[in-house]
Amino acid sequence: MTDTVLTGLDEGVLTLTLNRPDKLNSFTPEMLGALQAGFERARDDAEIRAVLLTGAGRGFCAGQDLGGRDPRNGGEIPDLGTTLDTYYNPLLRLIRGLEKPVVCAVNGVAAGAGANVALACDIVLAARSATFIQAFSKIGLVPDAGGSWLLPRLVGEARAKGLALTAEPLPSATAAEWGMIWKAVDDAVLMEEATALARRLAAGPTLSHGLTKRLINGAASRSFDEQLDHERDLQAAAGRSEDYCEGVTAFLEKRPAGFRGR
Ligand code: LHQ
């Protein structure tokens with residue numbers, strides 16, 4: 001892993017910090033590879049029980065690094081489909097498929113693929129000064145990084161089309177009002193709140209958190225009947241966990257539960 005993504009592991013939380021602040025953390029292939037490696041580590045290491053994603057400096061992420069794609073340089077036109085297949089889609093699948101909570105602290109502007117990577121996380125907190133921009137239409141592209149799927153589900157078709165077609169910046173407070181993110185918080189307390197939340201989740205029943213994520217991620221593509229069956233199956237699995245046993249015992253003994261994610 002390189003320093004374009006900083007990593008730290010503390011209290012069961014793997015913190016991944018996008019780190020190209022002079023270019024608003026816009027994604028280079030190297031960075032996307034490092035981010036993917038970070039999420040693979042989170043998937044494979046049982047010590048990691050939650051992930052916190054954020055950005056260094058004044059921005060969260062301005063999407064794809066457009067400097068690396070200067071059309072004035074001539075040469076072959078890059079195939080953006082290959083870029084998505086190679087870098088973005090595996091990353092988005094990792095984030096959504098990770099059976100551990102992913103908290104995103106959006107510390108500043110989140111544009112293009114940067115906005116949609118944030119929205120793919122499970123709980124998004126954003127600084128009050130942050131904005132979300134579906135910047136794609138400004139450069140003749142369509143929403144990617146899962147945005148065309150996530151946005152209409154989060155905010156409805158009318159708002160999704162408005163955001164995607166106008167590329168207008170959406171203030172974080174409005175994003176929270178619309179249900180696009182969990183919360184907008186004062187800039188000064190963003191990292192404190194996001195870290196506390198990630199640590200709280202990491203200390204929780206992370207096996208059931210993972211199953212909850214699986215249930216909600218797949219709900220939109222199942223019927224009500226199918227979802228009831230799925231809830232039954234995953235509740236049966238949760239009910240066999242050590243954490244369920246500990247949770248009920250702790251309740252009856254009137255003490256805090258000590259969950260271990262098993
Ligand atoms: C940047 C970038 C950037 C490089 C700011 N690249 N340097 C695309 C293609 C391929 C396949 C996969 O999918 C995609 C998906 C996408 O993500 S397409 C969307 C790409 N992103 C954009 O179109 C956003 C471009 N950036 C902006 O519109 C502005 O920078 C925003 C509105 C984000 C922030 O504006 P300001 O706060 O005014 O900052 P700034 O524009 O002055 O940027 C600061 C620096 O960061 C500046 O560099 P410099 O050396 O001049 O100080 C920018 O050039 C650089 N930067 N975004 N995407």
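Because the structure is predicted, anything quoted here is derived from the model rather than measured. Every number for a ligand or one of its atoms is a count from 1 in the order of the listing. All values below were derived from every heavy atom in this structure, side-chain atoms included, with hydrogens, water molecules and symmetry-related copies excluded.
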Within the 4.0 Å heavy-atom shell around Asp144, which atoms of ligand 1 are there?
12 (C), 13 (O), 14 (C), 15 (C)
Tell me whether atom 18 (S) of ligand 1 lies less than 4.0 Å from at least one protein heavy-atom position.
yes
Under-4.0 Å heavy-atom contact between protein and atom 24 (C) of ligand 1
yes
Nearest protein heavy-atom contact for atom 41 (O) of ligand 1: which residue, which atom, what distance?
Leu24 CD1, 4.9 Å
Report yes or no: does Asn19 contribute a side-chain atom to a donor-acceptor pair with the main-chain N or O of Ala56 at less than 3.5 Å?
no
Counting from 1, what ligand 1 atoms have a heavy atom of Ala113 closer than 4.0 Å?
15 (C), 16 (C), 17 (O)
Are Val103 and Ile181 linked, directly or through other ILVMFWY residues, by side chains that come within less than 4.5 angstrom of each other?
no
So, using side-chain hydrogen bond (donor to acceptor under 3.5 Å, both in side chains) as the criterion, who are the partners of Arg96 when residues are at least two apart?
Asn217
Show the atoms of ligand 1 that are less than 4.0 angstrom away from any heavy atom in Leu66.
3 (C), 4 (C), 6 (N), 22 (C), 23 (O), 58 (N)
Starting from atom 26 (N) of ligand 1, find the nearest protein heavy-atom neighbour and note its residue, name and distance.
Ala62 CB, 4.4 Å
Is any side-chain heavy atom of Lys100 closer than 4.5 Å to a side-chain heavy atom of Arg49?
no
Does CD belonging to Glu47 count more than 12 external heavy atoms closer than 6.0 Å?
no
Closest approach of any protein heavy atom to atom 51 (O) of ligand 1, naming residue and atom
Lys23 NZ, 4.5 Å
For atom 11 (C) of ligand 1, state which one of Val117, Thr83, Thr28 supplies the nearest heavy atom.
Thr83
Side-chain contact test, heavy atoms from C-beta onward, threshold under 4.5 Å: evaluate it for Val124 versus Val106 and give yes or no.
yes
Using a distance threshold of 4.0 Å (strictly less than), state whether atom 58 (N) of ligand 1 has a protein heavy-atom neighbour.
yes
State plainly whether one hydrophobic cluster holds both Leu125 and Met180, where clusters connect Ile, Leu, Val, Met, Phe, Trp and Tyr through side-chain heavy atoms under 4.5 angstrom apart.
no
Looking at atom 7 (N) of ligand 1, what's its closest protein heavy atom, distance included?
Ser26 OG, 3.8 Å
Donor + acceptor pair across side chains of Asp65, Thr28 (<3.5 Å):
no
Residues 84-91 side chain polar contacts: donor-acceptor under 3.5 Å, at least two apart:
unit_1 : atom_1 : unit_2 : atom_2 : d
Thr86  : OG1    : Thr82  : O      : 2.6
Tyr88  : OH     : Gln64  : OE1    : 2.5

Can you name the atoms of ligand 1, numbered from 1 with element, that are less than 4.0 Å from a heavy atom of Leu80?
10 (C)
Atom 53 (C) of ligand 1: protein heavy atom closer than 4.0 Å?
no
Hey, are the side chains of Phe27 and Leu35 touching, using non-hydrogen atoms and a 4.5 Å cut-off?
yes
Do me a favour and list the nearest non-hydrogen protein atom to atom 42 (O) of ligand 1 with residue, atom name and distance?
Arg58 NH2, 4.0 Å
Tell me whether Lys138 reaches ligand 1 (any heavy atom closer than 4.0 angstrom to a ligand atom).
no
Just so I know, are the side chains of Leu165 and Ser137 near enough to count as touching, which here means a heavy-atom distance under 4.5 Å?
no
Under 4.0 Å from atom 28 (O) of ligand 1, do we find at least one protein heavy atom?
no
Within 6.0 angstrom of Gln235 CD, more than 12 heavy atoms from elsewhere
no
For Ile133, the atoms of ligand 1 under 4.0 Å from one of its heavy atoms are 32 (C)
Just to confirm my output: which protein heavy-atom neighbour is closest to atom 9 (C) of ligand 1, and how far is it?
Gln64 CG, 3.5 Å
Region of Phe27 that comes within reach of ligand 1 [heavy atoms, distance under 4.0 Å]
neither
Under 4.0 Å from atom 44 (C) of ligand 1, is there any protein heavy atom?
yes
Thr206 side chain to His209 backbone, donor-acceptor under 3.5 Å
no
Should Asp22 be listed as contacting ligand 1, given a heavy-atom distance under 4.0 Å as the test?
yes
For ligand 1, is there an N or O atom under 3.5 Å from any N or O atom of Arg20?
no
One finds that the ligand 1 atoms under 4.0 Å from a non-hydrogen atom of Gly63 are 17 (O)
Can you confirm whether the side chains of Ser26 and Arg20 place a donor and an acceptor under 3.5 Å from each other?
yes
Nearest to atom 4 (C) of ligand 1, what protein heavy atom do you find, and at what distance?
Asp65 OD1, 3.0 Å
Are Leu190 and Asp186 side-chain neighbours, meaning at least one heavy-atom pair lies under 4.5 Å?
no
I'd like to know if atom 49 (P) of ligand 1 has any protein heavy atom within a distance of less than 4.0 Å.
yes
